[in-house]
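Please read the structure below before turning to the comments.
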There are 2 protein chains.
Amino acid sequence: LYCVSGVLAYPDPGQRKALIEQEASMQTGGRMVLTDAEKRLDARLFKMKQEELMRADFPPAMHFFKARPLIRRSPIFRTLQKMPKGARALHVHDFSMASVEWLVMNVTYWPHCYICFTDSQSIRFIFSSQWPKPKPRCSPWTLLEDLRAKMVNSSDLDNSIMGNVTIFTDQDPEEVYPSQYVVWERFEEAFLALWGLVTYAPVFREYYYQGLKEFYQDNVMYLELRALLPEIYELDGSTHDTAWTLKTYQDITRQFTAEHPDFFGARIIFTVNRGVNMSVMTRVVEKAMRLQRDFPDIMAGFDLVGREDSGRPLWYFRDALSMPSERGVTLPFFFHAGETSEYGTEVDQNILDALLLNTSRIGHGFALSRHPLAKVLSRKRGVAVEVCPISNQVLTLVKDLRNHPAAALMSEDHPLVISSDDPAMFGASGLSYDFYETFVGFGGIRSNIGSLKELLTCPCLSFRYSSLTPEQQQKALALWQTQWDKFVSENCVLL
Amino acid sequence: LYCVSGVLAYPDPGQRKALIEQEASMQTGGRMVLTDAEKRLDARLFKMKQEELMRADFPPAMHFFKARPLIRRSPIFRTLQKMPKGARALHVHDFSMASVEWLVMNVTYWPHCYICFTDSQSIRFIFSSQWPKPKPRCSPWTLLEDLRAKMVNSSDLDNSIMGNVTIFTDQDPEEVYPSQYVVWERFEEAFLALWGLVTYAPVFREYYYQGLKEFYQDNVMYLELRALLPEIYELDGSTHDTAWTLKTYQDITRQFTAEHPDFFGARIIFTVNRGVNMSVMTRVVEKAMRLQRDFPDIMAGFDLVGREDSGRPLWYFRDALSMPSERGVTLPFFFHAGETSEYGTEVDQNILDALLLNTSRIGHGFALSRHPLAKVLSRKRGVAVEVCPISNQVLTLVKDLRNHPAAALMSEDHPLVISSDDPAMFGASGLSYDFYETFVGFGGIRSNIGSLKELLTCPCLSFRYSSLTPEQQQKALALWQTQWDKFVSENCVLL
Ligand SMILES: [Zn+2]
Ligand SMILES: [Zn+2]
C-alpha cells in the first residue's frame, strides 16, 4: 500500500489502474496464470456474463425457485455443467443427492409400497411384506399400487408426492415461506416424508447409486457425503445397523467407481442431529471413533446437523467432542457452523468453537465475516469454508445472491469451496446451479475463469482427508487437468 | 494470535474465553471503558434485547414497513429515542427530512395550492397567484381548496396524497416492490410529486425548519444535509438562484440554533444528480467552489446523488471533480459510493474512485466489504462509511438487517456513522429507527452501550469538516457528555 499514502493532488489514471489490478489480484483466482485457450474461454464467459446482466430478470438477484428456468436457459450454466468439477462436492447430504423425480417415478411404483396421510397434511411411506402397523396421527396405510389403480391418471398423485418430499414450489416462494421458521419446518417435514422410502434397503442402495450418477453426470468426480447412517430396514421389518449402512456405502462406491473409471470415489462424513442430548452424543462419538477405525477408506469424519439456531451449540458437547483428541484417536471433524443470522448468541460462537475443536472445514460459515478473529484463524489454518449459496438463499439467510457474504471472502481469496448442501430438496441437482450463482452472482463480473480454476484446485483443500494415496492424488489431479484442458479447448471458440 | 498456534489437544475453556474476549474487543466500542451507571444501563438494554429476540416477529429480520409498528412498541427503541445523538445525522437528504404527515396536513391546506394528476397515476403541485399553465401529460390544474370543498370528508384525499409523496405502504412491501428497479422508479416518482410543494419559497423555509425540529426532537444536535439547492419559486412565478437557497438554509439554521441553544447547527452538502452530462457537471463543480468560498460557514462540501447503477460513475466525471484540487481550492467531497449489488462493474469502482478523489466520507459504502483494498484505505485515512440500514433494506440491497455488511465492519471497528438517508420517504423520522436496526439488528446481541457511545463520539468523524471552531467543538462535546450522563442516569434503573 506504500503507493497510495499521502493526499493526491489529482487522481492519476496509472495509479488507479494499478490499484484496481492490485485489488483484483487479491481475489480468488486473481494470481492464476491463464493459457491462451483459457483466455479465449474467459473472454467468451465475460461476454455471456455481460449479456446476462443486461436482462431484466437477473437470476442471482432472484429466489432460486423463480430463477431456475432462467438459469437452465443460460449459456453460462450450460458451460458450467460441462466443466469438470474434480473433487469439489464436499458438502452434500445423504437423502437429498438424487432427484425427487427419479425417486417418485421409480421407487414409489415398486411393489409393497404403502402410503399414509398425516394430520399435518404430509405423507409417510413404508415398504412391507405384510400390512404395516397403523402409524399415530396418520390415516390408515394404503398400498400405493391400489391407490393408483383406482385413478384414471396418477400424475396428480405423483406431483403431490413430489411436492411433499421437496420444498421446491412453483408458487411465489416468499409467500409460501414467509419466514425462516416456516422454511425449516417444511424442510424437516419433507425429510420425514422421504424417510420411509430411502431407508428401505433396496431403495437405499439404488438411491445412493443414482445420487452418485447425478453428480457424475454433472462432472463431479469425487464427493463427501454427510450421512446419518440410520437403521435400514428390509421388507420383513428386520433392520441393519450403522456398520452395515456404512459398509453398503462403501460397496456401492466401489461398484460405481469400477463401472466409471474416471470417477475418483466418495467418502462419508457421519452425522448426528444436534438436537440430541449429551449422553446420546457421547455414545455417537464413540461409535464414530469405532467406525473411523474399522472403515478408514470410506469414513471421512464426523459432523452435527440440523438447524443451528434451534439446536445445541458445539460448546455444549465439548466433552464428547474432545474424546477423540484426548484418547489420541483420529476422527476428523467437518462441523456445520455459522449457518445463522443471529449475531452474538451462544450458537453464533459455533464458528470459533469449530476451530477450537480443530475442524477440517467449516460447513456454511455464513456468519464468518462477522468474526474477524475466527476469519484469521480459518485462513491461517487453511480451514476452508463450504459455501452453499442456493441453500443459504432458500433458508432465507440472503435474498440477492450478489450480496452473499462469500463475495467478501472471495474478494480476499479466503479458502472456500462451493457446494450444494441438499440439491434435490431445493429442486437443483449436482453442483452446477451453485457454481452458476457463484460465478455470475457473488463472484461479480470480474471473477474470471481463474476463480473457477482456483475454486476447483485450491491446494488448501487438497485431498488431505480423502482415501486416496499421494500417488492416487497425483493421478486424480492429472486426470482433472486432462478433463479441464479438453473442456477449455472445446468451449473456447464459438461453434 | 500467538496463543492459538499449534494443534490443540483439548479445547481449553480459558483460552476460549480469551479468544471470545479478544474478538469482542476488536468490535466498535469494544475497548470503551464504561462507568458503573453505563454498565447498569447496558445490563438493562441487554435484557431488553434478549426479550426482543424471543419474540416470534423479530423486527430487524422484517421489512421496515412491516417492522415499524413493532419497533415503535419496543422499549429499546423508546430508550434510543431519548439517547442524545450529538452530531451524527450526517447522511440526510433535503426533501425527506420532515414527515409527510406534517407536510400534507399543513402545507397542502395553504391557499393557492394547485394539484394535477399525471398519466402515470402520480400527482404534481404548484402554488400560484394565477391559474397555472397546463402541464404536459397531466390533468388540468385544480385548486386543492376547491377539490376539498366538494368532499364530505377529505381524509381519503389526504391519505392518497401522503401515499404519493412517500414510498411507505401498509400492504406487503415485497408485493408492491417486486424488484430494485420498481422501488427506485417509485422513489423518484415520489420526489417529483413532492417537488412543487417543497420548492415554493414559504414552504421551503418552513419545511427545513420542521426538518430541523424533528431531528432535534429525536435528540440529534447537528446535521449535515445533502441538498440539491434547486431554484425556489414565489407565488408570482419568480425564482431564486442557488445562492439564495443556500443563504436561506443558513438563515434558518441560525434562527433555529438561536431558538434552541443546545442545538449545534447544520451544514449543507451541495449535491447534483449523477445523471447530468460532463459540461453540466463542470459548471456545477465551478458553482460549488464559488459557494464554498462565499458561504464557508453553512457549506460543507459536494456530492453526487441518484441511483448509482443507472447513473454515471465518478470516474466519468474525474476531470470536473479534479478541478478543486488542481486549482488549490477547498471543496470537501462526501461521495455516495457503493450503493449497489453489482460487483465488478464500472459503477462498483466508485468506492475506490471516491477514495482516489479524496472523499471525506463514503455515503453508504454498501459494497465496501467486497473491496479489500478500498477497505484498508478508508480505514487508514479515517474515511467513515455512512451506513443507512433502513434505506438499504427498502432499496432491496439487504433483506434481513442482521446480515447487513456493516455487521462485518462493526465487528472490526471500521470507522462508520449511522444515518437515515431519506427518513420521511421511508415512513421513518430522525435517526432512532436506524439506531434501533443497528443496535438490535446487525450489531448483534453483544453490541453494547459501548458501541453506541463509540458510534456517537468516534474521533474518526470529529468535527473536522463542521463549521465549529476547536473551542466550539470542545463545547459541543462537553454538552453532549452532559446530556449523555443525564440520559444514562435517567435510564439505568428500572422505574
Ligand atoms: Zn448442510
Ligand atoms: Zn443518500
Whether the side chain of B:Glu437 engages the backbone of B:Leu401 through a donor-acceptor N/O pair (distance < 3.5 Å, no angle test) should be reported. no

Among A:Glu185, A:Gln180, A:Glu339, which residue meets the side chain to side chain donor-acceptor pair (under 3.5 Å) test with A:Arg307? A:Gln180

Note: A:Glu51-A:Arg55 ion pair, threshold 4.0 Å (strictly below): no

Using modelled atom types and a 3.5 Å cut-off, is there a donor and acceptor pairing between side-chain atoms of B:Asp42 and backbone atoms of B:Ile449? yes

Roughly how far, to the nearest 0.5 Å, is the CG atom of A:Leu321 from the OH atom of A:Tyr316? 12.0 Å

Per-residue contact mode, B:Gln349 against chain A (heavy atom under 4.5 angstrom): side chain

Contact winner vs chain A - B:Arg402, B:Lys375, B:Lys399, B:Arg370, heavy-atom pairs under 4.5 Å: B:Arg402

For chain A, the option from B:Ser369, B:Pro405, B:Pro178 that forms the most heavy-atom pairs under 4.5 Å: B:Ser369

Go through B:Met26, B:Glu412, B:His371 and name the one with the most non-hydrogen pairs under 4.5 angstrom from chain A. B:His371

Ion pair B:Glu23/B:Arg446, N-O distance below 4.0 Å: no

Is it the side chain or the backbone of A:Asp353 that comes within 4.5 Å of chain B heavy atoms, both, or neither? side chain

Scan side-chain atoms only and decide if B:Ser447 and B:Lys49 contain a donor-acceptor pair under the 3.5 Å cut-off. yes

Heaviest contributor of heavy-atom pairs below 4.5 Å to chain B, chosen from A:Ala367, A:Ala61, A:Gly444, is A:Gly444

Note: B:Asp413-B:Arg31 ion pair, threshold 4.0 Å (strictly below): yes

Contacting region of A:Gln50 [heavy-atom separation from chain B under 4.5 Å]: neither

Which region of B:Ala374, side chain (C-beta onward) or backbone (N, CA, C, O), has a non-hydrogen atom less than 4.5 Å from a non-hydrogen atom of chain A, or is it both or neither? both

Modelled atom types, side-chain donor and acceptor of A:His63 and A:Glu174, under 3.5 Å: no

Can you tell me which portion of B:Leu409 sits under 4.5 Å from chain A's heavy atoms? Options are side chain, backbone, both or neither. neither

In terms of heavy-atom pairs under 4.5 Å with chain B, the winner among A:Asp400, A:Asp348, A:Ile20 is A:Ile20

With a 4.5 angstrom heavy-atom cut-off, could you sort out which part of A:Leu368 is near chain B: side chain, backbone, both or neither? neither

With a 4.5 angstrom heavy-atom cut-off, could you sort out which part of B:Phe442 is near chain A: side chain, backbone, both or neither? backbone

If we define contacts as heavy-atom pairs under 4.5 Å, which of A:Gly344, A:Gly443, A:Gly441 has the most with chain B? A:Gly344

Just so I understand: if I count every heavy-atom pair under 4.5 Å between each of B:Ser411, B:Ala407, B:Ala408, B:Ser179 and chain A, which residue has the most? B:Ser411

